[in-house]
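A, B, ... follow the sequence lines: proteins, then strands. Residue 1 opens every chain.
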Amino acid sequence: MNLEIIRRPFNRYFLRHNPYLFALFLLLLSLAINYFLQPNLFDLRVLNGNMRIFLPLMILAAGQSIVVLGGGIDLSVGTVVSLVNAVLITNLARESGPVEVLWAIALGLGIGLLAGAFNGLCVAYLRLQPIVTTYATSFIYSGLALYILPRPGGAIPAELARLYRSTPASIPFTLLMVVLLLLIWKLIRATRFGTFLYALGGDAEASFTTGIRVSRMRLWIYTVSGGFAALSAVALTLSTSTGDPRIGESMTLDSIVAVVLGGTRLSGGYGGIAGSIIGVAILGTIRNIISFANVPTWWQTLVDAVIIVSALAGPGLIKLLRRGS
Amino acid sequence: MKKITLSAQNLIKRYGGVVALANGNLSISSGEVLALVGANGSGKSTLGKIITGVVQPDGGDLHVDGQPVRLGSPQVARRLGITAVYQELSLIADMSVTENIWLSHEPRRWGLVDTRQMDRHTETLLELFAGTVSPNLQPSTLIGELPPDEKQVVEILKALSWDPRLIILDEATASLDSRQVARLFELVARWQADGRAVIIVSHRMEENYRVAQRATVLRGGEAVADRVLADTPTAELVQLMIPDSAVRVKKTAADDELTQRPVRLAVNHLKTKRLKDISLSIRDGELLGIGGLRGQGQEELLRALFGVVPYEGEVRVSQKDVHFKHPQEAIGHGVALVPGDRGTEGLLLSRSILENLQLPSWAQYGRILNMKSARSDAQAAGRDLRLKMGALSDPVSSLSGGNAQKVVLGKWLLRSPKLLLLNDPTKGVDVGAKGEFYQILDSLRAAGTAVLFYSSDDEELLWLCDRILVMHDGGVSAELHGEHLTHANLVAASMGSVGSMENHV
Amino acid sequence: MTIRGYKFPAPLIALSLAVLLFFLGGVLRSGFANWEQAVNIVRLAAFLGIIAAGQTLVIISGGEGIDLSVGSVVTLGALIMFRIGDGSNSMILPALVLALAAGGMIGLINGLGIAFVRIPPLVMTLGMTGVVQGVILGFTQGVLEGETPPLLATIITRPIVGRVPGIVFFWLIFGLGMWLLIERTAYGKKLFAIGTNRVAATLSGVRVNREILITYALSGLLAALGGVIVLGFTDIVFLNLGNRYLFPSIAAVVVGGTVLAGGQGSYWGTMSGALVLTLLTSLLTALQFSEAIQQMALGVILLLLLSIYGRQRTN
């Protein structure tokens with residue numbers, strides 16, 4: 001009986017955190033290799049440099065994982081990043097004051113949330129399939145981005161860029177943001193929204209009969225995803241200090257790869273944000289390794305892709321081999 | 001407990017062109033147990049779903065406590081104290097028992113879900129079924145790890161967690177074993193005493209008589225009668241459900257003649273993860289029944305024989321040693337399986353009746369398919385089965401439950417199987433359709449098909465089969481035939497006790 | 001869409017839209033709706049239609065099926081013809097065989113990953129896109145040498161009857177073949193079965209994994225064929241030749257009414273979808289809209305069509 005009591009919370013803990021295990025293993029492995037090739041990897045300067053690049057995709061993947069956990073997918077997140085980046089850069093200049101900066105960021109966030117809400121409306125109330133809906137809206141958002149900012153350019157106040165690169169108390173600002181992201185997720189997870197999210201992704205029909213307002217949940221989920229995309233755009237704008245109407249395009253698929261690498265089930269209801277953040281770190285570290293391992297330039301794409309495919313295949317292969325033996 | 005009265009008048013529900021409910025009426029108040037009876041497709045589930053707010057009616061009135069209400073969603077119904085135990089469970093596999101039970105009314109502290117309190121409440125609820133479920137059923141167990149009967153128990157507790165004034169039990173006993181059913185009925189009696197109202201929907205007539213005092217009969221979407229059960233014999237109730245109830249066929253094959261026939265299937269020491277050393281044999285034209293409590297490995301046995309589940313041991317089909325690794329190989333040897341759940345395992349719901357009937361047989365119609373002959377073969381099979389359908393090109397989802405089940409059977413009849421494996425084929429099928437199904441079985445048997453038949457309905461097994469293997473905990477606990485083929489023996493063997501009874505294994 | 005009880009099939013809606021767009025173009029811009037323009041549009045749609053053929057099969061096969069590797073395989077197919085064919089007509093056939101084999105092989109790897117290792121199709125085929133691009137970059141070292149065999153260009157672009165080039169006739173015959181494959185072979189029937197319900201299909205004797213393997217292999221093979229044909233039109237190869245066909249190939253399938261959830265669809269729908277998309281792009285270009293407006297218009301039209309089809313399904 002006593003044993004039962006000890007086993008239970010552990011069991012629960014283990015099951016909940018199991019999705020990240022393989023990703024964590026991969027991350028440790030790739031970090032070890034990276035460290036071997038680049039011994040100063042954990043120096044503050046290098047760490048900060050890496051984190052600056054990873055953060056925007058981490059935020060985006062976090063938003064994507066919320067959608068995926070809820071049983072959907074958002075193919076428009078990358079174009080929302082482009083759109084918000086365009087909005088930010090057209091509302092900022094090198095000499096913008098704090099009020100203007102806050103206004104621009106608020107505007108950007110608002111537009112991201114609106115774009116997400118529009119996706120949510122289509123999916124929840126028109127009952128369209130998420131994958132094609134967000135694919136269709138991605139054209140609208142990328143068109144808008146191009147309309148607002150026809151060609152790359154623009155600048156932001158230097159203080160903003162400096163803040164993004166800062167290392168208060170010898171910890172990179174960007175790393176603090178990741179910690180903040182995880183804390184927020186932990187809080188969300190403990191609310192009803194968190195429980196409903198997993199329920200909806202696990203079985204939408206059962207969630208409905210249980211009394212969850214499925215359509216409203218879906219609207220919220222896509223809105224939140226739009227908000228995360230906007231935050232990602234803010235980080236990206238601070239990181240690059242400029243605007244580009246196509247800057248986010250390639251990030252959509254990367255965010256999905258990161259979510260899957262992180263152990264979240266693409267059909268919903270299983271996984272979490274921490275995994276996706278680990279997933280982004282893995283993707284970034286692999287790219288570091290390739291450039292430090294002196295892989296000939298023309299072969300880098302292939303090596304990168306083969307490693308990623310193997311990493312994606314990992315959990316499935318392990319299962320397959322176990323079943324075979 | 002605040003008293004409740006609910007009355008439904010002239011409820012109408014249409015799905016596309018199909019009228020599911022034409023004139024739904026019922027009334028119930030606190031302290032009553034009402035049985036809602038009717039054949040399949042008579043609108044019981046639809047009526048239940050309207051009362052719980054899952055489905056919106058196209059017409060009619062609903063009154064709760066004398067006030068007209070519009071139940072726009074399950075939440076609204078729940079706020080009025082109405083919950084349901086659904087036939088198709090509303091549980092989420094990747095979430096724990098606790099999370100499922102309290103989903104959408106989690107106790108909260110500081111706006112966050114209070115997991116400790118939730119677990120405590122769950123334990124209290126689980127105690128209601130203590131002794132009838134395995135010790136694995138704990139608040140933190142994931143639903144996906146539970147067997148069907150325990151999932152059903154959780155579904156019941158989930159409805160109860162709302163402390164409802166009115167509970168609807170829609171086929172809630174279908175996957176429970178007899179001890180769990182007994183416990184549930186004790187609870188129903190207690191709820192009744194507490195002043196709750198209960199509506200029970202069950203295909204097992206004796207269950208309705210056991211717990212309910214009154215019955216509302218639905219036929220073709222209309223409420224046709226409201227009877228006090230104590231004054232209404234079963235036959236009369238069935239007559240009300242189906243005006244001209246189909247005649248059952250009696251079993252034929254004589255014992256001594258059977259032994260002359262060739263052995264179609266011989267199984268020796270078959271083992272799987274779940275099954276422990278099963279041996280059996282069936283001759284052509286024989287109907288071998290498999291009985292026992294639910295979830296004792298009956299389904300796994302059929303699946304192993306059909307090549308779905310890996311197994312060890314000897315299997316001989318038509319005097320040939322075989323080891324099927326995929327259903328396709330089994331089909332090649334003249335074996336067919338009618339799975340337990342026609343919606344998820346038997347049918348391609350959105351595809352046409354033709355494609356469903358011909359799915360295992362396309363290869364016979366040439367490299368470029370000869371659609372003309374495929375169509376005429378399917379048409380002929382439909383006629384033989386007395387399939388009520390529009391056109392062969394209509395989606396199979398347009399058929400009623402009984403007719404859809406005929407399609408599942410029909411796709412195998414087109415291949416004239418030598419050995420037919422049936423997994424509880426009459427589960428949730430109404431009396432009329434059952435009668436037709438028995439006739440089909442009979443003609444198959446006359447044609448020499450060997451049939452291995454698992455049923456959760458004891459009466460049906462005893463009445464149809466020449467021999468019954470009773471399974472318990474993955475093994476065969478008894479083989480009953482001749483004079484031993486009695487309900488008492490079947491029940492005793494189901495519980496795993498062989499006792500004084502002669503053991504034929 | 002249902003009007004007076006008659007349900008209009010999605011491909012018919014798409015086809016009507018194509019005709020409508022064509023004449024709308026004629027009204028908005030004189031000289032748009034003429035024979036030459038019509039031929040030109042059908043020709044451009046043919047490339048997209050052939051490339052989207054494999055995508056149609058993959059999407060019908062269900063299980064969240066989608067093939068994101070078609071773009072890179074189109075490039076690969078074109079590249080193989082360009083290099084191996086190298087301007088020599090006698091090398092067309094060997095180069096074609098090699099291109100198809102390479103495409104089929106890549107599709108087969110996709111299928112293996114999806115069917116056996118259970119990697120979601122979206123990420124598996126995305127990963128393979130990287131691999132194919134990597135292979136192209138690695139082997140060519142960025143230098144694309146070769147020449148299109150002249151006969152190939154002739155077959156595809158030379159008018160045969162009434163200024164209609166060979167590619168259009170090829171597309172019609174190809175479409176007939178696809179119809180036969182989908183509607184009149186055991187493979188096609190099983191394809192719909194696995195797209196609708198994999199458990200029921202297995203229990204009816206369908207070897208689901210084999211069917212998935214064949215489907216993705218066919219998708220790769222057809223994409224490579226598309227690449228060869230596109231080469232006949234463009235005459236030269238560049239590294240992202242196929243990329244611009246990837247998303248339109250999915251859009252064409254969807255506009256044609258094939259359901260992304262699997263189990264329902266047709267190739268003539270995809271053909272109509274390819275026509276609609278090509279017409280739309282041509283029309284917006286002819287009206288001299290900026291790229292920003294073009295993109296938005298495309299998005300809005302896609303969304304509108306989806307809501308029309310979506311409504312239809314719930315009936």
For a quick test of reading the model, state the closest non-hydrogen atom pair linking C:Gly130 to A:Ala305 and the distance between them. C-CB, 3.2 Å
Indicate the atoms forming the closest heavy-atom contact of C:Phe247 with A:Tyr135, along with that distance. O-OH, 2.7 Å
Check whether C:Leu126 gets within reach of chain A through its side chain, its backbone, both or neither, counting any heavy atom under 4.5 Å. side chain
Selection from C:Val254, C:Val132, C:Val135 maximising heavy-atom pairs under 4.5 Å formed with chain A: C:Val135
Neighbourhood of chain A inside residues 287-302 of chain C, taking heavy atoms under 4.5 Å as contact: C:Glu291, C:Ala292, C:Ile293, C:Gln295, C:Met296, C:Leu298, C:Gly299, C:Val300, C:Leu302
Which value, rounded to the nearest 0.5 Å, describes the distance between A:Asp304 atom CG and C:Gln133 atom CD? 11.0 Å
Side-chain contact, heavy-atom cut-off 4.5 Å: C:Leu303 with A:Phe118? yes
Residue-level contacts of residues 53-71 of chain C with chain A, using a heavy-atom cutoff under 4.5 Å: C:Glu64, C:Ile66, C:Leu68
Please test C:Gln141 against A:Thr297 for side-chain contact (heavy atoms from CB on, under 4.5 Å), starting from the C-alpha separation and ending with a verdict. CA-CA 9 Å; C:Gln141 300 283 304; A:Thr297 324; over 6 Å; no
Given heavy-atom pairs under 4.5 angstrom as the criterion, report whether the side chain, backbone, both or neither of C:Val131 touches chain A. both
To check you understand the geometry: which heavy-atom pair defines the closest contact between A:Leu126 and C:Ser307, and what is its length? CD1-CB, 4.5 Å
Hey, what do you get for CG (A:Leu128) to CG (C:Leu306), rounding to the nearest 0.5 Å? 6.0 Å
Could you go through the side-chain contact (heavy atoms from CB on, under 4.5 Å) check for C:Tyr309 and A:Gln129 one step at a time? CA-CA 11 Å; C:Tyr309 298 163; A:Gln129 265 183 313; over 6 Å; no
